[in-house]
Chemist: 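Questions regarding the structure given below will be posed in turn.
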Amino acid sequence: ACLALVMIPLDEDVYRKDPRLHHEVHQVARDVLAGFSQIFTNDGTSKAILRGPRTKNEETMVAFGKDRIEYFASTINPVIKALDGAKEGRDARSVLEGYIYQNSAMIAYRAREYGIDDDFASKLKMNPASTAMYRTIAVPLGEGTIKKGYALTNEEAQVAMRKAAAELKQEKKSKKKKGKKNRR
C-alpha cells in the first residue's frame, strides 16, 4: 500500500489538475519512503520484517525471508518501471526514485547480513543508467546509513559516493583489461 502511494504523483491527472495537490502528494510519498530508510536502519525492525516471527528454527526464518525478498522485488519492480517512464516534473529532483533505490540497497544489505539473499539487486529490473545510480549513489548511502545508525551528513554522503564511483570505475577498467587479454 505504501508503494502504491508512490505511484500517485506520477499520475497525469494528478499532475495536471492541481499543482498544489501534486506537490503535497509527492511530499507524502517522499516522507513514506524516508520512513522506510529509518525502518531498515534499525536492526531489530529489519529482522522482524525480513525474517518474520522469531523462532528457534533458523531455516524457517530464512525461508520466510526468501519469500519476503521475492515479494519486495515483485512490489518494487512496478514502481521502478513507473519512475523510469515518468514524465518530466512528476518526480521533482528524482527524490522518489532516489529513495526507492536507497531503500532497495538497504534491503539488499540486510538480506545479505541475515543470510537470506546474496543478490537482491539482481531481482530488480533496472536499466543500465539506474543500475549505475544504484551502485554509485543508493548502495553507499543506504549501507552507510545502516552502518552509522542514522542519516549520513552531506560530507559523509559525498565521500561514500565518490568511493563507490571510483570502485565502479576500477571494476570497469579491470573488466576491459580482461576482455583484451581474452582476445589475444
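All residue numbers refer to positions in the sequence shown, counting from 1.
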Chemist: Would you say the side-chain atoms of Thr45 pair up with the backbone N or O of Asn42, donor to acceptor, closer than 3.5 Å?
Modeler: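 Side chain of Thr45 to backbone of Asn42, a donor-acceptor pair under 3.5 Å: no, none is there.
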Chemist: How far apart are the closest heavy atoms of Ala73 and Leu124, and which atoms are they?
Modeler: CA-CD2, 4.4 Å
Chemist: Do the side chains of Met133 and Leu141 join up, straight or via other hydrophobic residues, at under 4.5 Å, putting them in one cluster?
Modeler: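 Same cluster.
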Chemist: Looking at every heavy atom in both Gly89 and Tyr15, which two are closest together, and how far apart are they?
Modeler: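 Heavy-atom minimum between the residues: O-CE1, 3.5 Å.
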Chemist: Which distance, rounded to the nearest 0.5 Å, do you find between the CD1 of Ile80 and the OG of Ser104?
Modeler: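 Separation between the atoms: 5.0 Å.
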Chemist: Quick one: do Met106 and Gln38 satisfy side chain to side chain contact (heavy atoms under 4.5 Å, CB included)? Show the steps, please.
Modeler: CA-CA 10 Å; Met106 294 173 91; Gln38 294 305 306; over 6 Å; no
Chemist: Are Tyr71 and Val79 connected, step by step, through hydrophobic side chains (Ile, Leu, Val, Met, Phe, Trp, Tyr) whose heavy atoms are closer than 4.5 Å?
Modeler: yes
Chemist: For Glu24 and Arg20, run salt bridge (Lys or Arg N to Asp or Glu O under 4.0 Å): C-alpha distance rounded to whole Å, both residues' side-chain angles, the deciding distance at 0.1 Å, then the answer.
Modeler: CA-CA 6 Å; Glu24 289 174 17; Arg20 286 188 323 239; 5.4 Å; no
Chemist: Please report the shortest heavy-atom distance between Arg51 and Glu58, naming the atom on each side.
Modeler: NH2-OE1, 2.8 Å
Chemist: At their closest point, which heavy atom of Tyr134 faces which heavy atom of Pro140, and how far apart are they?
Modeler: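 Shortest heavy-atom contact: O-CD, 4.4 Å.
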Chemist: State the CG-CD1 distance between Leu152 and Ile146, to the nearest 0.5 angstrom.
Modeler: 10.5 Å
Chemist: Could you tell me which residues satisfy salt bridge (charged side-chain N to carboxylate O under 4.0 Å, His left out) with Arg68, sequence neighbours excluded, listed by chain and number?
Modeler: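 So Arg68 forms no salt bridge (charged side-chain N to carboxylate O under 4.0 Å, His left out) with any residue.
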Chemist: Can you tell me how far apart CD (Gln158) and CZ (Arg162) are? Round to the nearest 0.5 Å.
Modeler: 6.0 Å
Chemist: Is the shortest side-chain heavy-atom distance between Phe72 and Ile49 below 4.5 Å?
Modeler: yes
Chemist: Under a 3.5 Å distance rule, please check whether His22 uses its side chain to pair with a backbone N or O of Val14 as donor and acceptor.
Modeler: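 Side chain of His22 to backbone of Val14, a donor-acceptor pair under 3.5 Å: no, none is there.
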Chemist: Just by distance, do the side chain of Ser46 and the backbone of Phe40 share a donor-acceptor pair under 3.5 Å?
Modeler: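 Between the backbone of Phe40 and the side chain of Ser46 there is a qualifying donor-acceptor contact (under 3.5 Å).
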Chemist: Could you grab the distance from atom CD1 of Ile107 to atom CD1 of Ile76, nearest 0.5 Å is fine?
Modeler: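 Spacing of CD1 (Ile107) from CD1 (Ile76) equals 4.0 Å.
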Chemist: Would you check if Lys147 and Tyr109 make a side-chain contact, meaning some heavy-atom pair closer than 4.5 Å?
Modeler: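 Contact flag for Lys147/Tyr109 side chains = yes.
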Chemist: Sequence neighbours left out, what pairs pass salt bridge (Lys or Arg N to Asp or Glu O under 4.0 Å) with at least one residue falling in residues 25-49?
Modeler: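 Listed by first then second residue: Asp43-Lys47, Asp43-Arg110.
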Chemist: Measure across Val25 and Pro9 and return the closest heavy-atom pair with its distance rounded to 0.1 Å.
Modeler: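 Closest approach of Val25 to Pro9: CG1-CD, 3.6 Å.
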Chemist: Has Lys148 got more than 12 heavy atoms of other residues, nucleotides or ligands less than 6.0 Å from its NZ?
Modeler: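 Yes, the 6.0 Å shell around NZ holds more than 12 heavy atoms from other groups.
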Chemist: Got Leu33 and Leu5 here, is their nearest side-chain heavy-atom distance under 4.5 Å?
Modeler: no
Chemist: Looking at CD of Glu12 and NZ of Lys87, how far apart are the two atoms once the value is rounded to the nearest 0.5 Å?
Modeler: 4.0 Å
Chemist: Less than 4.5 Å apart, side chain to side chain, heavy atoms only: is that true for Lys163 and Val159?
Modeler: no
Chemist: Working to the nearest 0.5 Å, report the span between CD1 of Ile69 and CG of Leu50.
Modeler: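 Ile69 atom CD1 to Leu50 atom CG measures 5.0 Å (nearest 0.5 Å).
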Chemist: So Ile116 and Met61, side chain to side chain contact (heavy atoms under 4.5 Å, CB included) or not? Walk me through it.
Modeler: CA-CA 9 Å; Ile116 296 168; Met61 288 189 291; over 6 Å; no
Chemist: Should Glu171 and Arg135 count as an ion pair when the cut-off is N to O under 4.0 Å?
Modeler: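 Salt bridge present between Glu171 and Arg135.
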Chemist: Are Ile100 and Val95 joined in one hydrophobic group, where the rule is that I, L, V, M, F, W and Y side chains link up if heavy atoms are under 4.5 Å apart?
Modeler: yes
Chemist: For Val62 versus Gly115, what's the shortest heavy-atom pair and its separation?
Modeler: CG1-O, 3.7 Å
Chemist: Is there a donor-acceptor contact under 3.5 Å linking the side chains of Ser37 and Tyr99?
Modeler: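 Tyr99 and Ser37 do not have a side-chain donor-acceptor pair below 3.5 Å.
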Chemist: Do any N or O atoms from the side chain of Asp91 and from the backbone of Leu96 form a donor-acceptor pair under 3.5 angstrom?
Modeler: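 Confirmed, Asp91 side chain pairs with Leu96 backbone.
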Chemist: State plainly whether one hydrophobic cluster holds both Tyr114 and Phe120, where clusters connect Ile, Leu, Val, Met, Phe, Trp and Tyr through side-chain heavy atoms under 4.5 angstrom apart.
Modeler: yes
